[in-house]
Amino acid sequence: MSRIVLEAEERAQVAALADEVLSGVEVWDPLQLVDDVTGLAERLPLRLREFLVHSRISESDITVISGLPVDEELVPTPIGWDLAAKTGAGQREELVLLLCGAVLGDPFGWATQQDGRVVHDVCPAPGMEKSLTSASSEVALSLHTEDVHHPCRGDYVSLFCLRNPDAVGTTFVRIGALDLPPDTRRTLAEQRFRFYPDDSHVGAVLNALDGNEPADARVTDREYDPGSAIFGPAERPYLRFDVDFMSGADDDAEHAIRTAVDCFARSVERVVLAPGDAVFVDNYRVVHGREPFVPRYDGKDRWLKRLNLIRDIRRLYAISDTRSRIIA
Ligand SMILES: NC(=[NH2+])NCCC[C@H](N)C(=O)O
Ligand SMILES: O=C(O)CCC(=O)C(=O)O
Ligand SMILES: [Fe+2]
């Protein structure tokens, strides 16, 4: 994990940049700003930019910025992402995340997720306590690759912490730390797996199931080509994994999934994000999840902003028929 802690002066510089940009926009819409943030990010503190560029080039597994500005008069935590969207809660924080993220990659979103927004809210929602989505609380969010089903899933998933009063941990397994038996590793590297949209993708799954069925019971409106769970350079491989939304083609492949899950449990690390911390998780090198917690619904709940980043937005344009940052 690589970490930078901003000095007070650097924090003030980021806040001033964000305030200046915000004062020039009439209606806050991150999608309108997204073409500009890469240029604006040139005005972040030099030490921060150098740190992020180095992270990108070295493929740092987990990159943390501490000491980013969070509004001292931050509004209460919205009760669910849809309320956050409706009220426009945490706009300056969305912009701060966009500015930092733009140094690592190009921001994009999903038409099927959180109403097609570019910046998401991660906060607990009533009725979702035991769901398999980021709005859950009482159950652990299993270790996953973000948006495991899609070839254009993010190179990074980034999380900016606005509140975390109960010190709930975000969990990680770095593929470099995984001690997989050789035969399991070999099986995972074969194209014997299918990956499905997770339950946060509304409309991507035709029959919403209750989460207890095997992943391949999720009948969808598109074909899911078999792929491998481990791929890329042998000396520095990539991982694609979400036990809740993948299936193996045969008994051996299913067994490899279960063995990998057991190995994850032995290599899991945790980071407790504090307000002002942003983490950029390399979505090819690391699976991430979250510990369970008790939701409050009193305005003081844990609250993160989330942003997906792809290293080159053209990978997305190339498989689309419109030039959009929102994957249909
Ligand atoms: N194993 C899982 N629960 N995967 C889904 C992860 C949560 C999903 N990314 C969301 O935004 O809600
Ligand atoms: O809440 C967290 O710490 C992680 C949530 C997560 O995995 C996500 O929002 O994709
Ligand atoms: Fe996630």
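In listed order, ligands and their atoms are each counted from 1. Heavy-atom basis, side chains included; hydrogens, waters and symmetry copies ignored. Since the model is a prediction, treat every value here as computed from it, not as a measurement.
- Close approach of ligand 2 to Val122 (heavy-atom distance below 4.0 Å) involves ligand atoms 1 (O), 9 (O).
- Which parts of ligand 1 touch Ser134 is read off a 4.0 Å heavy-atom cut-off, strictly below it: atoms 7 (C), 10 (C), 11 (O), 12 (O).
- Distances below 4.0 Å separate heavy atoms of Gln113 from the following atoms of ligand 1: 11 (O).
- Distances below 4.0 Å separate heavy atoms of Glu146 from the following atoms of ligand 1: 9 (N).
- Taking the six-membered ring for Trp, Tyr196 and Phe245 have ring centres at least 6.0 Å apart.
- You'll find the side chain of Tyr317 reaches within 4.5 Å of the side chain of Arg325, heavy atoms only.
- Among all non-hydrogen protein atoms, the one lying nearest atom 9 (O) of ligand 2 is Arg306 NH1, 2.7 Å.
- Here Arg306 has side-chain heavy atoms under 4.0 Å from ligand 1, and that is the only part of it that gets that close.
- With respect to the salt-bridge test (charged N to carboxylate O, under 4.0 angstrom), the residues Asp155 and Arg56 do not qualify.
- Listed by number with element, the atoms of ligand 2 under 4.0 angstrom from any heavy atom of His144 are 7 (O), 10 (O).
- Atom 4 (C) of ligand 2 has Leu159 CD1, 3.9 Å as its closest protein atom, hydrogens excluded (heavy atom only).
- Atoms of ligand 1 found under 4.0 Å from any heavy atom of Asp244, numbered from 1 in the order shown, are 1 (N), 2 (C), 3 (N).
- Between Val119 and Arg117, every side-chain heavy-atom pair lies at or beyond the 4.5 Å cut-off.
- Annotation: cation-pi geometry satisfied between Arg240 and Phe195 (NZ/CZ under 6.0 angstrom from ring centroid, within 45° of ring axis).
- The residue Val157 has no part lying near ligand 2, judged by heavy-atom distances below 4.0 Å.
- Residue Leu304 approaches ligand 2 through these ligand atoms, each under 4.0 Å from one of its heavy atoms: 1 (O), 2 (C), 3 (O).
- Set against the non-hydrogen atoms of Glu146, the atoms of ligand 2 under 4.0 Å away are 10 (O).
- At a 4.0 Å heavy-atom cut-off, ligand 2 does not touch His120 at all.
- Those atoms of ligand 1 with a heavy atom of Ser200 less than 4.0 angstrom away are 8 (C), 10 (C), 11 (O), 12 (O).
- The distance from ligand 2 to the heavy atoms of His288 drops below 4.0 Å at these ligand atoms: 6 (C), 7 (O), 10 (O).
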Would you sort out whether Leu132 and Asp198 count as a side chain to side chain contact (heavy atoms under 4.5 Å, CB included), showing the intermediate values? CA-CA 8 Å; Leu132 300 177; Asp198 69 59; over 6 Å; no
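- Residue contacts with ligand 2: Ser134 is placed with no nitrogen or oxygen under 3.5 Å of a nitrogen or oxygen of the ligand (distance criterion only).
- Counting heavy atoms closer than 4.0 Å to ligand 1, residue Val243 contributes nothing at all.
- Rounding to the nearest 0.5 angstrom, the gap separating the CZ atom in Phe293 from the CD atom in Glu129 is 9.5 Å.
- Residue-level proximity to ligand 1 for Leu132 is carried by backbone and side chain together, each with a heavy atom below 4.0 angstrom.
- In summary, Arg163 and Asp301 do not engage in a salt bridge, as defined by a charged side-chain N under 4.0 Å from a carboxylate O.
- In this structure, Arg153 is positioned above the aromatic face of Tyr284, its NZ or CZ under 6.0 Å from the six-membered ring centre and within 45° of the axis.
- For the salt bridge (charged side-chain N to carboxylate O under 4.0 Å, His left out) with Asp166, the qualifying choice from Arg302, Arg290, Arg296 is Arg296, the only one to do so.
- Under 4.0 angstrom from ligand 2, the non-hydrogen atoms of Leu141 all belong to its side chain.
- In this structure a side-chain-to-backbone donor-acceptor pair under 3.5 Å is missing from Arg185 to Ile230.
- Scanning all protein heavy atoms for the shortest distance to atom 6 (C) of ligand 1 gives His144 NE2, 3.5 Å.
- Below 4.0 Å from some heavy atom of Ser142 lie the following atoms of ligand 1, by number and element: 1 (N).
- Of the candidates Asp198, Val157, Val148, Asp242, Asp242 brings a heavy atom nearest to atom 4 (N) of ligand 1.
- Under a 4.0 Å criterion applied to the non-hydrogen atoms of Leu141, ligand 1 contributes the atoms 3 (N).
- Between Glu146 atom OE1 and His144 atom NE2, the angle centred on the Fe ion (ligand 3) amounts to 90° (nearest 10°).
- Surrounding CG of Asp250 are more than 12 heavy atoms belonging to other residues, nucleotides or ligands, all under 6.0 Å away.
- Atom CG of Leu309 is separated from atom CG of Leu104 by 6.5 Å, given to the nearest 0.5 angstrom.
- Between His149 and Trp110, the ring planes are tilted. Angles from 30° to 60° get that label.
- Against a heavy-atom cut-off of under 4.0 Å, Thr133 is close to the following atoms of ligand 1: 12 (O).
- Of the protein's heavy atoms, Thr170 OG1, 2.6 Å lies nearest to atom 3 (O) of ligand 2.
- Put simply, CG on Leu162 and CG on Asp71 are 10.0 Å apart, with the number rounded to the nearest 0.5 Å.
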